[in-house]
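Have a look at the structure below before the remarks.
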Amino acid sequence: LVPACICIRSVAGRGRIAMRASLLVVVVQVLMFDRRARGFYLPGVAPRTFRYGDKVELKVNKLTSVHTQIPYDYYSMRFCPPRGGIKQATENLGEFLTGDRIENSPYQLYMEQDQFCKILCEVHFDEEDVAALKKIIKEEYHHNWIIDNLPAASIVDSEEYIITAFAGGFPVGYHDRKATYLFNHVNVIVEYHPLDDGSRVVGFYVEPFTVQHTFAAGRSGSQQQQQQQQRSTGQEATTIIEQEAADPDSSVSSSGWALETCDATGPMVYESIAKKQEVRPGPVLFTYDVLWRASNVKWASRWDIYLSMDDAVPDKVHWFSIVNSMLIVLFLSVMVAMIMIRNLNRDIVRYNRALSEEEKAEEREESGWKLVHADVFRPPCRPMTFCVVVGTGLQVLCCAAICIVFAVLGFLSPANRGSLATAVLALFATAGAIAGYGSARWYKTFKGRAWQNCTLYTAFLYPGLCFVTFLVFNFMLYVYGSTGAVPVASLLSLLALWFGVSVPLVFLGAYVGYRQDPISFPVITSNIPREIPMPQPWYLSPTFTVIVGGILPFGACFVELFFILSSMWMDQYYYVFGFTGLVFIILIVTCCEITIVLCYFQLCSENYHWWWRSFLTSGSTAFYVFVYSCIYFSRLEADEWLTYVLYFGYMILVSIGLFALTGACGFMAALWFTRKIYASIKVD
C-alpha cells in the first residue's frame, strides 16, 4: 500500500499492491509482541542471586508529582537519613536528564527474613518542615523506591477500596477536609523466585500507612533531655536504627523503647490503626515491616506486570489504534491508486500521442500539469531555509526510526533506566551526517553558493533552539531546588556531544554532499517563469491544503499518541514499541500519500510552487499534535506556573521536530512523484 510501490501501469500496479499487502501482513506479525515474549532480556542485564540472610539494599529515588513535573531529592524533605551518610548511586546521562537521583536508605532488608514493627527513626518537625510536607502532599508527590533495579509498586488502603498501582511510586501522604496525614509506616513486600543456589527478586510492593505511634513505656527524663539537646543543636533526626545483629523479630529498638501501636508478630493492617499521624509540629516516628513471598514468576518476566499495568490497558485498545490507522491508509491508498492508475495514466497517454494540426490547436486551450513542465523544478523561494529544514527533518527521521528499532529489539526497556534519553541524544548527534548531506546536496541543486552558511544553520538552528530552551528550563529548576536541574558535568557532556560529535558530522556530511553532482530532473527549467492562472480554486489555496493535509496523518496516530504522552508526563510505563513502529510507518505512509494527492491537484491547476507546499502539507501534522497536547494538559491539573512553562516549552520543541520529520517525508514523496510523472511524458 505504500504509494512509492504503486506502478503507473495498471496490471503491474495491481500485482505489486497485492505483493506489498502480503508483505505488510508479515511485517505486522513481526512487529507485534506476543504477551509471552514481553519478558525478554538482552545479554548484559545480568540477574543477581541472593542467599538466605543476604542484605538486600533498598534505594530511594526522586520525589515526583504529575501535577507539577518538578522532581525533588528524597532527602530534601525531613525523612530518615541512612547511617553512615547519604551516598548517591552511579547514574548515566539519561538518568540525570530525567531528574533521577538514586541514593541509599536506612531500611534494613535481609533475604527471606520477615521483620515486623521495626523502628526506623524519630524526626522532629518544625513549622518550616510542616509547611513543606503539606505542600508536597497537597501536590500529590510520590516516593520512588528501588530494590534490585525494580521499582516499587504501591498498595494504598482506604475504608472503601484498595488501589494497586505499578507506576509512579506510592504517595507521601494524603489530604482530606479535616487534616493532612503523613504515611510514616510502610509494609515492604518483596516477592522472590527460589532457585537451587539462592533466590532472585521478582516483585516489589510498598503498602503505606499513617499511624500515630505510642510507646508502651514512658521515656526517661534523660532521654527527653538528650532529645531536647539534639533539637537545640539543629540535628535533623534522632536515628534509632537497630543493629544488623539484633533480633529481626523484635519490636524493641536498641534504645529499649517498645511500641504498642503495631504488632511484633505480623504486618500492619488498616483496621488496627487507632489514630492517624497528622502533619504538625512535633516528633514523628517512622516504622516499617518487611514481608517475603515466594513467587513462580521468573526473573526474566518480572517486568511484565509493570509494563502491562496488570492488564489495566488491554491490547485491544492498541489494536483499535492500528485498525483505525489502517483504514485511513487504505482510504488514501485507494485515492492514490485511482489518480495514478486512471487519471494519471490517461493524462500520460493523451500527452504522448501524436496530434493532428487541428488537435494541436485545441490542445493549446486545455489545461493540465504538462503545461508547467518548464517551471515545475524551478528552485523555491528562500532555498537555504528550505534546505536546512529538509536536512533537519531527515536527521529527526533517521533518529526516530533507529530509536524505534532498538526499542523493539529490547535495548531500550524500562529496566535500563535512562537508556531511552541517552539513545535519543546519541542517535540524534550521529544522524547529523544525514542532515548535513541532505541540506548541502539540495543547496547545490538549487545552485546556492554559500554552502558554509547552510551547513552552519543545519548544525545549530534546531539543536541550538533545543539546547537554549533546555538551559533556560534547567536554570528555573535549579532555582526551585529540583533534581530536574542537570549538574554542570552533564551539561558539559551535552556540549561535548553537540560540538564534538554532531557538528563535525554535519560538516562531514555537507562536504560529501556538496561534492556530489546536483540532483538531475527529467525536464529543463526555462529562464522566464510562467504566470500562474488566477484565481485558483479555493480548495487549492495554500491555507486550506495545509490545514487539511495534517488531519489524516494525525488521525492515524492520535490513539497511540495518548499513551506516549502518558508515558512522558504521567509517569506511566510505555512498552508496546511494536505498535509504535507500526504506527510510525503508517504515519509516514499517510503523510506521503496525502502530499502526493494534493500535489497532483496543485499541478493540474498549473501552480508549480509545490516545494514549500508539499513540506507544509504533511508538516501540519505537528500542529494537530500540539493542539492535542494542549487538550491533554488538563489531565495534569497543574497549579504551578513552572509546570506550564516546562510542559508547553518541551511540547513546542517536540512539535517542531515532528514538523520537520513529517514535512521532509511529504516533500520527498512529492519529489518522487513529480520526477516520475514528468519523466514519463514527451516534451518539445
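We use all heavy atoms of the structure for the numbers below, so side chains are in, but hydrogens, waters and symmetry mates are not.
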CA sep, side-chain torsions, deciding dist, call: T674, F521, side-chain contact (heavy atoms from CB on, under 4.5 Å): CA-CA 9 Å; T674 52; F521 299 118; over 6 Å; no
Determine whether a donor-acceptor pair (N or O, by modelled atom type, separation under 3.5 Å) exists between the side chain of E140 and the backbone of H67. no
Output for pair (E560 CD, L565 CG), nearest 0.5 Å, gives 11.0 Å
Within the 4.5 Å heavy-atom criterion, are T392 and V388 side-chain neighbours or not? yes
Is there a donor-acceptor contact under 3.5 Å from the side chain of E637 to the main chain of S634? no
To the nearest 0.5 Å, tell me how far K676 NZ sits from I596 CD1. 11.5 Å
Result for ring-ring contact (aromatic ring centres under 6.0 Å, His included) between F386 and one of Y443, Y457, W442, W612 points to W612
Which atoms form the tightest heavy-atom contact between C557 and V583, and what is the distance? CB-CG1, 3.7 Å
Just by distance, do the side chain of R675 and the backbone of S520 share a donor-acceptor pair under 3.5 Å? yes
State the CD1-OG1 distance between I594 and T621, to the nearest 0.5 angstrom. 9.5 Å
Return the OG to CG distance between S419 and L93, rounded to the nearest 0.5 Å. 12.0 Å
In short, ring-ring contact (aromatic ring centres under 6.0 Å, His included) pairs touching residues 390-409 with sequence neighbours left out are F406-F411
Indicate whether the side chain of S566 and that of Y632 have a donor and an acceptor atom separated by less than 3.5 Å. yes
Report yes or no: does E606 contribute a side-chain atom to a donor-acceptor pair with the main-chain N or O of V372 at less than 3.5 Å? no
Is there a ring pair (Phe, Tyr, Trp, His ring centres under 6.0 Å) between F377 and F446 once you walk through the steps? CA-CA 10 Å; F377 295 110; F446 295 150; over 10 Å; no
Provide the closest heavy-atom pair for L598 versus T545 in the form atom of the first, atom of the second, distance. CD1-O, 3.8 Å
Do the non-hydrogen side-chain atoms of M570 and L636 ever get within less than 4.5 Å of each other? yes
Using side-chain contact (heavy atoms from CB on, under 4.5 Å), reason through R530 and L371 one step at a time and then give a plain yes or no. CA-CA 9 Å; R530 175 187 176 88; L371 301 182; 4.0 Å; yes
Grab the two heavy atoms, one from V501 and one from A429, that are nearest each other, plus how far apart they are. CG1-CB, 4.1 Å
Do T458 and S439 have side-chain atoms, one donor and one acceptor, less than 3.5 Å apart? yes
Side chains of S541 and Q536: closer than 4.5 Å at any heavy-atom pair? no
Could you walk me through whether S65 and I70 satisfy the side-chain contact (heavy atoms from CB on, under 4.5 Å) test, starting with their C-alpha distance in whole Å, then the side-chain angles of each, then the deciding distance to 0.1 Å, before giving a yes or no? CA-CA 7 Å; S65 170; I70 305 173; over 6 Å; no
Within a reach of under 6.0 Å around CZ of F623, are more than 12 heavy atoms found that belong to other residues, nucleotides or ligands? no
To the nearest 0.5 angstrom, please state how far the CG atom of N144 sits from the OG atom of S154. 10.0 Å
Determine yes or no for a side-chain-to-main-chain donor-acceptor pair under 3.5 angstrom, with S620 supplying the side chain and G550 the backbone. yes
Kindly say whether L540 contributes a backbone atom to a donor-acceptor pair with the side chain of Q602 at under 3.5 angstrom? no
Are the side chains of F554 and L561 in touch, meaning some heavy atoms are under 4.5 Å apart? yes
Smallest separation among heavy atoms of S618 and G663, with atom names: OG-CA, 3.5 Å
Got a donor-acceptor contact below 3.5 angstrom from the K62 side chain to the G484 backbone? no
Would you call I588 and L397 a side-chain contact if the rule is heavy atoms closer than 4.5 Å? yes
Within-4.5 Å side-chain heavy-atom neighbours: F470 and V486: yes
Show, in sequence, the C-alpha distance, side-chain angles and deciding distance for H142 and D571, and conclude whether the side-chain contact (heavy atoms from CB on, under 4.5 Å) test is met. CA-CA 11 Å; H142 283 57; D571 290 336; over 6 Å; no
Between Y141 and T68: side-chain donor-acceptor atoms closer than 3.5 Å: yes
Is there a donor-acceptor pair closer than 3.5 Å between any side-chain N or O of Y306 and the backbone N or O of P151? yes
For the pair Q395 (side chain) and F428 (backbone), establish whether a donor and an acceptor sit closer than 3.5 Å, ignoring hydrogens and angles. yes
Can you name the closest pair of heavy atoms from A556 and I586 and give their distance? CB-CG2, 4.0 Å
Do C591 and P553 touch side chain to side chain, with heavy atoms closer than 4.5 Å? yes
Less than 4.5 Å apart, side chain to side chain, heavy atoms only: is that true for L661 and F584? yes
Sequence neighbours excluded, the answer for salt bridge (Lys or Arg N to Asp or Glu O under 4.0 Å) partners of R378 is D375
Please report whether the ring centroid of Y650 lies less than 6.0 Å from that of F473. yes
So which atom in A440 and which in A510 form the shortest heavy-atom distance, rounded to 0.1 Å? CB-O, 3.4 Å
Can the ring centres of Y644 and F633 be said to be less than 6.0 Å apart? yes
For the CD1 atom of I532 and the OH atom of Y608, what is their distance to the nearest 0.5 Å? 4.5 Å
Is the backbone of L603 close enough, under 3.5 Å, to the side chain of W610 for a donor and an acceptor to pair up by distance? no
